[in-house]
Amino acid sequence: MRGTDETSGSLFSYVDLEARIPARHPLRKIRQVVNDALVSLDAEFAALYADFGRPSIAPERLIRASLLQILFSVRSERQLMEQMQYNLLFRWFVGLGIDDQVWVPTVFTKNRDRLLTTEMSRKVMAAILAHREVAPLLSDEHFSVDGTLVKAWASMKSFQPKPDIAPPDDGEGPSDPPSPDTIATDQPEPPQTETDQMPRPTRQHRNAEVDFRGKKRSNATHVSTTDPDARLYKKSPGTGAMLCFIGHALMENRSGLIVQGDLTEADGHAERRAALGMVHRHSPGSTRKLTLGADKGYDAAEFVADLRQACVTPHVAQKSRYSAIDGRTTRHKGYDLSLKQRKRIEEAFGWAKTMGGMAQTVYRGVERVRSRFVLTMAANNLARLPRLLAA
């Protein structure tokens, strides 16, 4: 018998929103871990808000919505709010009822910027890693570090000369004769006749063609008018320079989870400075012998000496010449294991760029990009937890 294509138009639903989510859906375990982590941050949230005034969006819902945006590659807050109107899975994860009003995108963005600073993003990551089910997965002795370029939300056309830099000399001194263009400009224009057409103003195209050939540009003389914190940089020879930041991550080697994240302006020493900062934040004042795996870019005498002073064994890949790593490190079996495990950090960077939107950030300013990068690293850990906890 053929069924009928009729709309019932029922006004009420008696099925609980919780019952509509499959029992084995991976978001169930992620939501449990996130909720437990947010409960542990209740005192931190209470200190950020006043006891009077109009209630804002609950910080727990803000963080859940931001994590959901990263996990499902939602490109903007406006699209996130649109999907939360009809996506029951999104409503369930964030904590909204089926009849609750979804926030205005601009209100959500303003509340998110006030809450999700770099410090709060790091606290969210630490609370997730301190969860009773997650903590046994982590190694407290063996780590790896690396950095990756994050393309800034600024075009090469915005990389303009700094206003305090004098323009290059055009070859005309005070005693030089005036150029033909100047002579033509000084002469009076002929009077217009009645048959002459009125001059029309030339309209400047908003995306005009620009030829950069033969023009030397550097961070010392130029700055982006769109994002002044972005820097022109290339990480490897043979590649083109671009306006970017450098994202950094510290990974524990047992399960490959990111335990620290950072993002800085792009320069040749940023990776080594950030690595030391992340090691000290994760294990402040540690007297145990830790190991830190890294690629050849970290093979510098000063960096290796700073690691040894901090009781960290530098398992850094050796350069072909003038390496700061000697036989007292390479003779141990753990050195080869660290060099093998350190490559797993590229999986986190790959996920952050393909799924988390970090291939090119949509935020401006190093502080906002840093807070988003750290939260993306926390979301990467959450995406891997259902499989790790089920093993």
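Everything numeric here is computed off the predicted structure, so don't read it as measured data.
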Can you see which heavy atom on T117 is nearest to which on S371, and at what distance?
-> C-CB, 3.6 Å

Kindly indicate whether the side chain of M84, heavy atoms from C-beta on, has any atom under 4.5 Å from the side chain of W103.
-> yes

From K29, R132, R31, residue fulfilling salt bridge (charged side-chain N to carboxylate O under 4.0 Å, His left out) relative to D36 = R132

Does CZ belonging to R78 count more than 12 external heavy atoms closer than 6.0 Å?
-> no

Apply salt bridge (Lys or Arg N to Asp or Glu O under 4.0 Å) to K289 and E141, showing your working.
-> CA-CA 7 Å; K289 205 66 174 178; E141 294 180 348; over 6 Å; no

One should read off an interatomic distance between R231 CZ and D267 CG, to the nearest 0.5 angstrom, of 9.0 Å

Residues, nucleotides or ligands: over 12 heavy atoms within 6.0 Å of K151 NZ = no

I246 with V145, same ILVMFWY side-chain cluster at under 4.5 Å | no

Return the minimal non-hydrogen interatomic distance between G247 and F349, and the atom names on each side.
-> O-CZ, 4.3 Å

Under a 4.5 Å cut-off applied to non-hydrogen side-chain atoms, are S144 and H315 in contact?
-> no

Return each pair, listed once, that meets ring-ring contact (aromatic ring centres under 6.0 Å, His included) where at least one residue sits in residues 63-84; pairs must be two or more places apart or across chains.
-> F72-F90

Under a 4.0 Å N-O cut-off, is there an ion pair linking D326 with R331?
-> no

Do R64 and N35 meet the criterion of a side-chain donor-acceptor pair at a distance under 3.5 Å?
-> yes

Decide whether L290 and L337 are clustered together by the hydrophobic rule: side chain heavy atoms of Ile, Leu, Val, Met, Phe, Trp, Tyr closer than 4.5 Å, transitively.
-> no

Should W351 and V259 be counted in the same cluster of Ile, Leu, Val, Met, Phe, Trp and Tyr side chains packed under 4.5 Å apart?
-> yes

For the rings on H269 and F303, is their centre-to-centre separation under 6.0 Å?
-> no

Nearest heavy-atom contact between M377 and A352 is CE-CB, 3.5 Å

side-chain contact (heavy atoms from CB on, under 4.5 Å) between T221 and K162: does it pass, once the steps are laid out?
-> CA-CA 6 Å; T221 58; K162 294 181 179 179; 5.9 Å; no

Other residues, nucleotides, ligands: >12 heavy atoms within 6.0 Å of K319 NZ = yes

Going by heavy atoms in the side chains, are P386 and I30 under 4.5 Å from each other?
-> yes

Heavy atoms from other residues, nucleotides or ligands near NZ of K234 exceed 12 (cutoff 6.0 Å) = yes

Which pair of heavy atoms, one from Q318 and one from I325, lies closest together, and at what distance?
-> NE2-O, 2.7 Å

Basic-acidic side-chain contact under 4.0 Å: R272, D306 | no

Indicate if I258 and L149 have the same hydrophobic cluster label, given that clusters are the connected sets of ILVMFWY residues with side-chain heavy-atom separations under 4.5 angstrom.
-> no

Ionic contact status for D146 with K343, cut-off 4.0 Å = no

Any idea which heavy atoms bring A266 and C244 closest together, and the distance?
-> CB-O, 3.9 Å

Residue Y322 excluded, over 12 heavy atoms near OH under 6.0 Å | no

Which pairs would a plain distance check flag for residues 15-23, meaning a side-chain donor or acceptor within less than 3.5 Å of a matching protein atom at least two apart in sequence or in another chain?
unit_1 : atom_1 : unit_2 : atom_2 : d
E18    : OE1    : W92    : NE1    : 2.7
E18    : OE2    : R28    : NH1    : 2.7
R20    : NH2    : S13    : OG     : 3.1

Please examine the side chains of F93 and L89, heavy atoms only from C-beta on, and report whether any two atoms are closer than 4.5 Å.
-> no

Residues D100 and R91 bridged, charged N to O under 4.0 Å | no

Student check: side-chain heavy atoms of M156 and L232 closer than 4.5 Å = yes

Is the shortest distance from a Lys or Arg side-chain nitrogen in E271 or K235 to a carboxylate oxygen in the other one below 4.0 Å?
-> yes

Flag side-chain contact, heavy atom, 4.5 Å: N219 against H222 = no

Output all residues satisfying side chain to side chain contact (heavy atoms under 4.5 Å, CB included) with W153, sequence neighbours left out; order by chain, then residue number.
-> Q360, V362, R364

Side-chain heavy atoms under 4.5 angstrom apart, residues restricted to Ile, Leu, Val, Met, Phe, Trp, Tyr: same cluster for L116 and V34?
-> yes

Would one find more than 12 heavy atoms of other residues, nucleotides or ligands at under 6.0 Å from atom CD of E302?
-> no

